[in-house]
There are 2 protein chains.
Amino acid sequence: MADVSAEAGVSAQTVSRALSQPDLVTPETRARVEQAVRKTGYVRNLAASHLASNRSHTVAAIVPTIASSVFSDTLRAVGDRLAPEGYQMFVGNTDYREGREEELVGHFIQRRPDGFVMVGTSHTRETRRLLEAYGRPVVETWDWDDAPTDLLVGFSNRRALASMVEHLVARGHRRLAFAGVLRPGDERAIRRFEGFRDAVADLLPDEPLRVVDLPDLPVAMDTGVELLRATLQRYPEITALVFPTDVFATAALLAAPGLGIDVPGRLAITGFGDFDLASHVHPGLTTVAIDVDRMGTTAADLLLARMREQQVGETAVDVGYRIEVRDSA
Amino acid sequence: MADVSAEAGVSAQTVSRALSQPDLVTPETRARVEQAVRKTGYVRNLAASHLASNRSHTVAAIVPTIASSVFSDTLRAVGDRLAPEGYQMFVGNTDYREGREEELVGHFIQRRPDGFVMVGTSHTRETRRLLEAYGRPVVETWDWDDAPTDLLVGFSNRRALASMVEHLVARGHRRLAFAGVLRPGDERAIRRFEGFRDAVADLLPDEPLRVVDLPDLPVAMDTGVELLRATLQRYPEITALVFPTDVFATAALLAAPGLGIDVPGRLAITGFGDFDLASHVHPGLTTVAIDVDRMGTTAADLLLARMREQQVGETAVDVGYRIEVRDSA
DNA sequence: ACCGCTCACGTTAGCGCTAACGTGCCGCTC
DNA sequence: GAGCGGCACGTTAGCGCTAACGTGAGCGGT
């Protein structure tokens with residue numbers, strides 16, 4: 001920067017201003033500085049900027065897995081909104097392992113991000129303590145809680161599944177099962193199960209709770225096939241099978257003909273997420289659609305406002321959900 | 001850090017050593033420092049560490065899109081290998097737009113990452129200049145080039161598609177078409193097309209080159225259906241259709257029955273990537289499988305060695321590919 | 001007893017920026 | 001024409017670490 005300021009005949013402070021707050025220098029000075037930057041090949045060092053200004057212009061994002069379209073779409077939306085404002089994003093994945101989130105927060109804090117983006121509202125006590133002590137804005141996404149850590153842009157997984165059960169009951173289904181992978185690292189799946197459980201208890205009080213949980217299997221299509229098989233073996237009487245993710249539901253849908261199961265005639269199937277694939281399988285998958293782009297963009301908007309110490313109107317935004325009815329249910 | 005050193009009764013330098021190179025202090029001192037860290041709630045500031053040591057312990061990764069399992073699996077593999085070594089990863093996506101890569105490199109350099117992970121070997125002149133001037137290790141992935149920028153862990157997209165054509169020809173196919181989305185931001189797709197073109201010219205010299213390119217459409221399943229339709233309209237005589245990605249191939253496979261097309265009887269279909277879905281559709285999709293985990297892990301290994309200024313044996317690693325033969329072709 | 005070496009830790013300076021405040025000039029008001 | 005405020009830019013100091021070098025204790029060899 002000293003080279004640039006010498007070349008441009010101004011002080012280092014003016015170079016700094018010309019680069020980060022161009023409005024504060026005259027157009028002529030700005031042009032001289034820009035010319036000097038080009039001539040010297042200067043690339044400013046944001047680590048030094050961070051240290052001096054106490055702003056890193058980074059955001060830390062923590063998701064269960066980046067190798068799933070649901071979260072990577074969210075990250076893309078957040079990143080696309082933040083990048084033009086000069087923020088870069090760190091990404092960490094918990095791999096659906098309990099405790100990894102706390103570890104990641106611990107590591108990320110060392111980089112002093114200006115904000116955090118988290119998936120879910122359920123965190124360990126220590127995670128919350130760390131985030132609160134850190135004192136920078138946090139946006140939670142992909143779920144709903146009446147007492148969020150800070151900002152919240154999400155929807156109720158519980159109500160979404162309850163709505164799906166309502167849809168099935170309205171279509172005349174009485175014997176429903178839920179099949180998924182439930183474990184502490186994936187609270188969203190647990191909320192969805194709870195929504196199923198409560199809606200069944202509410203709408204079909206005479207029916208037993210039918211659940212198949214294979215907590216040791218990965219979130220992959222093979223597991224969906226296995227869940228379909230296990231559920232029909234355990235509850236052959238069911239007419240509808242509710243999955244907490246399209247990953248399982250589409251796999252089950254694709255495997256059904258081979259197992260001699262007519263969908264939706266013999267068995268109705270529902271998913272969650274409205275993946276690209278959901279509208280391409282036959283029959284089309286009835287599923288829960290989330291406006292992921294809006295969720296990501298809104299989360300980034302709230303974070304930006306907080307990071308700039310602007311007033312934030314609503315600190316909790318419900319982006320809702322939509323039951324996307326296709327032929328599978 | 002001053003608080004910690006006062007609390008532990010040692011100098012700040014010793015606190016620094018206890019945290020970053022624990023072997024250099026006695027076990028007793030280390031314990032006292034750790035105790036003091038806990039008591040004070042100290043979280044070290046890696047921006048300051050970066051500034052003082054000229055090592056950021058970050059790696060910048062640039063991919064076409066993070067919302068695709070191919071690249072997010074790679075990122076996950078790279079990230080999982082680097083995280084335990086204390087490296088965090090910045091991710092940027094070019095959205096398959098030409099020129100975005102150069103822009104991203106320009107931004108990332110300001111953060112002084114210790115290394116770069118790139119997808120592809122083809123970059124603008126300015127991108128290469130920036131990376132070379134920056135002088136830190138760069139790993140290119142997902143393609144092959146005899147004169148890489150620095151390190152290379154990939155495979156030949158061109159040869160992979162040529163192998164697929166060989167497979168089809170060996171099965172008796174003569175009239176083949178290639179259908180995809182070819183544009184400057186996606187060099188991998190172009191290499192795959194070239195592999196198809198050259199293999200057809202080589203093995204089927206009497207056949208014309210049959211290509212359908214819809215460069216303005218997104219890489220999504222809808223486009224796959226559209227490509228299938230357009231290709232059969234233009235080249236009704238074909239018996240095999242080669243796609244440069246499983247996204248298109250699986251969509252075409254799922255749409256075929258509805259269009260009255262029997263796969264593989266009337267038309268053989270092949271993809272690229274061996275997505276989870278490829279083995280779940282019926283018929284199973286014949287496709288090109290890449291060992292993405294190995295590619296990511298090896299890329300991270302080479303990068304780590306270079307970042308630590310260790311000797312790197314092979315600077316170019318070919319992870320190869322495998323034609324995964326299923327029933328679609 | 002002296003030397004030289006190693007080890008554990010301390011001291012000094014500086015990494016490359018920007019916050020905060022200082023300075024000088026210009027134009028406006030009364 | 002004195003006074004005042006705003007603007008553009010400069011000066012000073014310091015953000016929180018670590019590289020490089022310094023120091024002193026302990027130990028073995030001669």
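Numbered from 1 within each chain, the chains take letters A, B, ... in sequence-line order.
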If a pair satisfies salt bridge (charged side-chain N to carboxylate O under 4.0 Å, His left out) and one of its residues is in [range], list it, with sequence neighbours excluded.
range	result
residues 144-153 of chain B	Asp150(B)-Arg306(B)
residues 17-32 of chain A	none
residues 70-92 of chain B	Asp73(B)-Arg76(B), Arg76(B)-Asp80(B), Arg76(B)-Asp293(B), Arg81(B)-Glu85(B), Arg81(B)-Asp301(B), Glu85(B)-Arg308(B)
residues 89-111 of chain A	Asp95(A)-Arg97(A), Arg100(A)-Glu103(A)

Rounded to whole angstrom units, what separation is found between the [atom1] atom of [X] and the [atom2] atom of [N]?
X	N	atom1	atom2	result
Arg32(B)	dA8(C)	CZ	C1'	12 Å
Leu19(B)	dC17(D)	CG	P	9 Å
Asn54(A)	dA13(D)	CG	P	21 Å
Glu28(A)	dC7(D)	CD	C1'	13 Å
Arg111(A)	dG16(D)	CZ	P	17 Å
Gln21(A)	dC7(D)	CD	C1'	15 Å
Asp3(A)	dC17(C)	CG	P	10 Å
Arg112(B)	dG16(C)	CZ	P	9 Å

Below the 4.0 Å mark, does dG10(D) have OP1 or OP2 next to a side-chain nitrogen or oxygen of Thr14(A)?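 Thr14(A) to dG10(D) OP1/OP2: side-chain N or O found under 4.0 Å.
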Counting only side-chain nitrogens and oxygens, does Thr26(B) get under 4.0 Å of the OP1 or OP2 atom of dC7(C)?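 Checking dC7(C) against Thr26(B), no side-chain N or O comes under 4.0 Å of OP1 or OP2.
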Non-neighbouring partners of Thr121(A) that pass side-chain hydrogen bond (donor to acceptor under 3.5 Å, both in side chains), sequence neighbours left out: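 Counting only residues at least two positions away or on another chain, Thr121(A) forms no side-chain hydrogen bond (donor to acceptor under 3.5 Å, both in side chains).
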Once side-chain hydrogen bond (donor to acceptor under 3.5 Å, both in side chains) is applied, do any residues pair with Thr65(A), and if so which ones, sequence neighbours excluded?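 Thr65(A): no side-chain hydrogen bond (donor to acceptor under 3.5 Å, both in side chains) contacts found.
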Set out, in order, the CA-CA distance, both residues' side-chain angles and the distance that settles side chain to side chain contact (heavy atoms under 4.5 Å, CB included) for Leu151(B) and Val138(B), then state yes or no. CA-CA 6 Å; Leu151(B) 302 164; Val138(B) 176; over 6 Å; no
What is the nucleic acid contact for Ser11(A), judged by heavy atoms within less than 4.0 Å: base, sugar-phosphate only, or nothing?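 If one applies the 4.0 Å heavy-atom cut-off, Ser11(A) turns out to touch a base.
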Give me the residues of residues 37-52 of chain B where at least one heavy atom lies under 4.0 Å from an atom of DNA chain C, by number, or none.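 Those residues are Leu51(B), Ala52(B).
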Might you list the N or O atoms of the protein lying below 3.5 Å from N or O atoms in nucleotides 20-24 of chain C, with each pair's distance?
from	atom 1	to	atom 2	distance (Å)
dA20(C)	N6	Gln13(A)	OE1	3.3

Along DNA chain C (nearest heavy atom to each residue), the more 5'-positioned of Ser53(B) and Val15(B):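 So the residue in question is Val15(B).
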Show me the donor-acceptor pairs, under 3.5 Å and distance only, between side chains in residues 1-8 of chain A and residues at least two apart or in other chains.
from	atom 1	to	atom 2	distance (Å)
Ser5(A)	OG	Met1(A)	O	3.4
Ser5(A)	OG	Ala2(A)	O	2.9
Glu7(A)	OE2	Lys39(A)	NZ	3.1

Can you say whether the rings of Phe116(B) and Tyr134(B) are parallel (under 30°), tilted (30 to 60°) or perpendicular (over 60°)?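 The arrangement is perpendicular - the two ring planes meet at more than 60°.
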